[in-house]
Structure formats: C-alpha cells, structure tokens
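When reading the values below, keep in mind they use all heavy atoms of this one structure, side chains included, and skip hydrogens, waters and symmetry mates. This one's a predicted model, so the numbers in the text were calculated from it and none came from an experiment. Heads up: numbering here begins at 1 and tracks the sequence.
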Amino acid sequence: MPGALPDAHYPGSVTIRLYDTSARQIRDFSPLVPGCVSIYLCGATVQAAPHIGHIRSGLNFDIMRRWFTYRGYEVTFVRNVTDIDDKIIRKAAEQGRPWWSIGYANERAFNSGYDGLGCLPATYEPRATGHVTEMVEMMRGLIERGHAYEADGNVYFDVRSFPGYLELSNQELDNLLQPSGEGETGKRDPRDFAMWKAAKPGEPSWETPWGRGRPGWHLECSAMAHKYLGSAFDIHGGGLDLIFPHHENEIAQAKAFGDDFASYWVHNAWVTMSGEKMSKSLGNSVLVSEMLKQWRPIVLRYYLGTPHYRSMIEYSPEALREAESAFARIEGFIQRVVEKAGPVEPAAEVPPAFAEAMDDDLGVPQALAIVHTTVRQGNSALTADDKESAVARLAEVRAMLGVLGLDPLDETWAGGDGGGRGEDLHGVVDSLVRLVLEQRQAARERKDYATADAIRDQLQQSGLAIEDTPSGPRWSLS
C-alpha cells in the first residue's frame with residue numbers, strides 16, 4: 001500500500017520518550033492501553049487555504065504516527081476540522097458566499113496539501129458542525145456540575161470553578177487577559193470563556209436548550225475528542241500557539257465534565273519568516289498550493305519534516321534549495337544502486353542508531369544524520385565495486401526513509417520522482433542534458449578533450465554532477 005512501513009516491532013523492550021508540555025520535561029511514553037496509541041491533533045480551521053506553517057503540524061504528527069506504527073503500536077489518529085468559527089463567518093460576509101462553501105473549499109485545500117506531502121489519512125477526521133449534539137450534551141453536564149452558566153443565550157465556562165485552570169500554560173489567573181468575541185455579554189467574570197455563542201442575524205445557528213446559537217472554538221475539540229477517543233486518551237497535539245487559550249480551555253471543559261482527557265501534550269514549533277510566525281494576518285504566508293508548483297512535494301516534505309518538531313523553521317528559498325541538494329544526494333545514491341543491482345527492498349529493521357534517535361523525542365535530525373552516513377558508506381561501496389555492501393546500505397536507507405515518509409521508490413511518490421513539478425520537469429531536463437552529453441561524447445571521440453572538459457565544467461557550474469559509467473554518462477544534481 002502507498003506509504004507502507006517496514007515490518008512492525010512490538011515495543012516490549014522499547015521506551016519512546018516525548019516532551020510533555022504539561023510536565024515541562026521529556027517523559028517515558030506509557031500508553032493507557034498496552035500496544036495501542038490514541039492521538040488527537042487540532043487540525044485545520046478552514047477559513048483560508050493552508051500555508052506551509054499549517055501543514056508542518058500535520059507532517060510532524062504524521063512522522064510521530066509512522067514511528068509508533070513501526071514500533072508495533074496500533075495507532076488511532078484523530079485530526080479534526082473546525083468548519084465554523086468567527087473567521088469563517090467573517091470571510092463569508094466579506095466575499096458574499098455561504099459560510100459552508102468557504103469551509104468546504106478550504107478543507108479540500110488542506111486535504112490536498114496533506115495528500116501532496118505524503119501524509120497518511122487520519123483514522124477519523126470529524127467536522128465541528130457534525131457534532132453539535134455532543135457539544136450540547138457536554139454543556140448540559142457542565143452546567144449541572146456548576147462549571148458553566150447561560151447568559152443572554154451564550155453559555156460560558158466559569159474558570160474559577162476549575163482549580164487546575166492555566167496549569168498547562170503556567171499562568172496566573174489574576175494576570176489573565178482572556179480574549180473575548182463580539183456579543184459575549186453577561187459574563188460573571190471577564191476571564192470566563194464562551195462555549196456557545198448566541199445567534200446573530202444572518203449567521204448560522206443550531207437549536208439548543210438555551211436558544212439558537214453556534215459553538216465556541218474550544219468546545220468543539222473537547223466534545224470530538226470525547227466522542228472518538230473516550231474519556232481518556234494518550235496524546236493531544238497541536239502548534240505552540242494553541243497552548244493558550246485553546247488547549248487550556250479544552251482541558252478545563254473536559255476535566256470539569258469528568259474526563260481524564262490527554263496523558264501527554266505535544267506541541268510543534270512554527271514556520272517563521274523574518275523571525276515572525278507565519279500568518280495570513282501578517283501577509284507573510286506561503287501557500288502550499290503555490291509551493292507545490294515550485295518544488296517537488298518530496299523535497300518540501302524533507303524541508304518541513306526533517307527539523308526537530310520543537311525547533312522553529314525560518315523560511316527562505318535558500319533553505320529550500322539546501323534541502324533539495326541534500327535530498328538529491330540521497331536520491332543519487334539510490335539511483336546508482338538500482339542501476340547497478342536492480343530493485344532493492346527495504347530492510348526489515350532500521351539501524352539501531354536511527355531507532356535510538358527516533359525513540360528520543362522523535363529526534364529526526366539525529367536520525368537523518370544516520371541516513372546520510374549510510375548513504376556515504378553506500379557510495380564508498382559503489383566506488384570499491386562492492387555490490388553486496390551497496391545493496392545492504394540501500395536496504396537500510398529505504399527502511400529509514402520509509403519511516404519518515406521520504407522513500408522516493410515508494411509508490412506514494414509517482415515514478416520515484418516525488419510527483420508534482422519535478423515529475424513534469426525531470427524529463428525535459430533529462431532530454432536537454434543528454435543532448436549536451438552527446439556533444440561531449442562526440443568531442444571525446446574526435447579527441448577534442450578540451451571541449452569535452454569544458455562542457456562537463458559548464459554542467460557542473462549549473463549544479464549537475466556528471467559520472468562516466470560503463471553504460472554511458474549519467475547526471476544528477478550536485
């Protein structure tokens with residue numbers, strides 16, 4: 001199947017460690033159910049098409065999921081879609097379109113981005129608007145327990161009723177400035193947050209015991225996590241910007257309702273431009289759809305997925321070109337071995353040093369260093385004409401790349417080329433280069449070695465490496 005992983009290895013003697021935001025330290029992972037992992041990831045708010053900062057989160061947790069699967073766990077991965085909120089309604093008014101039209105178009109854009117970058121599909125991908133019944137049930141329970149109240153058609157959470165409030169973000173309640181939206185009237189305390197918002201003319205609404213209205217952002221995730229993962233699950237994920245208020249408010253609602261909720265909180269860092277978080281409001285976003293026209297999808301995945309998930313990525317075209325060159329070195333090795341030995345299947349297990357790095361808080365940069373070291377060893381074996389060693393190193397490389405979703409020989413990446421623009425341009429470039437190489441070969445045959453060397457040097461200056469092989473010259477990105 002596309003994106004298939006090497007054979008699973010049950011984690012009986014393996015300890016995966018993750019940085020838990022709530023504990024502020026790296027902790028040994030211990031699942032609630034042996035051999036199973038349940039993950040809830042805050043997904044897209046679909047008011048606009050995704051930029052690469054949005055998709056980074058999906059990529060980071062796709063790698064997490066793949067590693068748990070490789071280690072033998074059965075993974076349930078839930079990634080929600082927030083298809084109703086203030087921003088979507090505001091966009092609808094600005095564009096004169098139905099709110100659901102904007103939400104659906106952008107949901108498709110997000111899924112196209114996830115698919116384009118090789119992310120495995122979620123086990124469940126629930127929409128907020130499909131779970132109003134569950135939200136009403138949760139609000140009713142919170143009101144009965146004295147943690148919530150109705151005012152002017154709104155339903156608010158009483159933050160002072162929940163002693164653990166703000167422990168995730170490590171804030172003091174007396175210093176808190178809680179964001180409030182328009183029409184949030186009747187609060188007993190300005191720091192109370194809205195779980196349900198009273199209907200306004202022209203806005204979408206649903207019937208509840210407290211009048212017509214629509215969900216607040218935070219309630220959606222608490223209700224959907226409860227429905228699909230139960231009262232307790234292993235890992236809750238999302239970007240750093242969600243720690244407060246979103247994740248803090250999720251915890252308050254769920255635990256006050258009676259759920260144990262998440263055992264671990266894992267947060268990925270941002271993609272920045274000029275030191276600022278990538279954001280449409282700042283006008284500094286780079287849309288995934290545009291990036292996939294400029295870069296091969298597998299290269300974009302390499303660029304976004306290989307830094308440590310807790311490290312910021314400063315976007316620049318130069319950084320992407322460096323990622324492209326680094327991945328080309330891996331692809332060049334793979335291509336040379338396949339040309340020499342034919343198809344090579346991935347190894348049954350990744351090298352121990354790779355596994356050790358991944359077990360330690362998903363240390364992808366350290367794991368990737370093992371990939372590049374293995375590639376260098378394989379290239380040395382090719383130079384020494386040690387076919388057996390080269391094939392063994394390729395098998396290891398494919399196993400490691402498979403875990404990262406970066407194996408160019410996997411059917412996920414059409415033709416081994418990473419799909420997209422690269423697939424279209426590779427044939428064009430190949431034809432042009434081969435035409436030049438024919439001219440070089442003709443110069444060599446007439447013993448005009450100065451011209452042949454000049455052609456080779458010009459190709460190298462253009463970023464191409466030329467290798468003379470028994471079957472003829474071949475090129476690759478240098």
Consider only side-chain N and O atoms of Asp234 and Ser263, and report whether a donor and an acceptor are under 3.5 Å apart. no
Tell me if the centroids of the rings in Phe29 and Tyr264 come within less than 6.0 Å of each other. yes
If you count the non-hydrogen atoms of other residues, nucleotides and ligands that lie under 6.0 Å from CZ in Arg108, is the total more than 12? no
With Thr373 via side-chain hydrogen bond (donor to acceptor under 3.5 Å, both in side chains) - residues at least two apart: Arg376
Partners of Asp359 by side-chain hydrogen bond (donor to acceptor under 3.5 Å, both in side chains), sequence neighbours excluded? Trp67, Arg71
Using the ring centroid of each side chain, check whether Phe257 and His226 are separated by less than 6.0 Å. yes
Are Phe110 and His54 an aromatic pair by the rule of ring centers under 6.0 Å? yes
For residues Asp83 and Thr129, is any side-chain donor paired with an opposing acceptor at under 3.5 Å? yes
Suppose we screen for side-chain hydrogen bond (donor to acceptor under 3.5 Å, both in side chains). Which residues come up paired with Tyr302, at least two apart in sequence or across chains? His372
More than 12 heavy atoms from other groups under 6.0 Å of CD on Glu388: no
Should the ring pair His246 and His218 be called parallel, tilted or perpendicular, given that the plane angle runs from 0 to 90° and is split at 30 and 60? tilted
Could you walk me through whether Tyr156 and Phe193 pass the ring pair (Phe, Tyr, Trp, His ring centres under 6.0 Å) test, one step at a time? CA-CA 5 Å; Tyr156 298 109; Phe193 61 86; 9.1 Å; no
Could Glu324 and Arg321 be called an ion pair, given the rule that one side-chain N must be under 4.0 Å from one carboxylate O? no
Please determine if Arg160 forms a cation-pi arrangement with Tyr165, meaning its NZ or CZ atom is less than 6.0 Å from the six-membered ring centre and no more than 45° off the ring axis. no
Sidechain N-carboxylate O distance under 4.0 Å for Asp241, Lys277: yes
Going by an N to O cut-off under 4.0 Å, is there a salt bridge joining Arg140 and Glu137? no
Do Asp361 and Arg310 sit within salt-bridge range, that is, some charged N less than 4.0 Å from a carboxylate O? yes
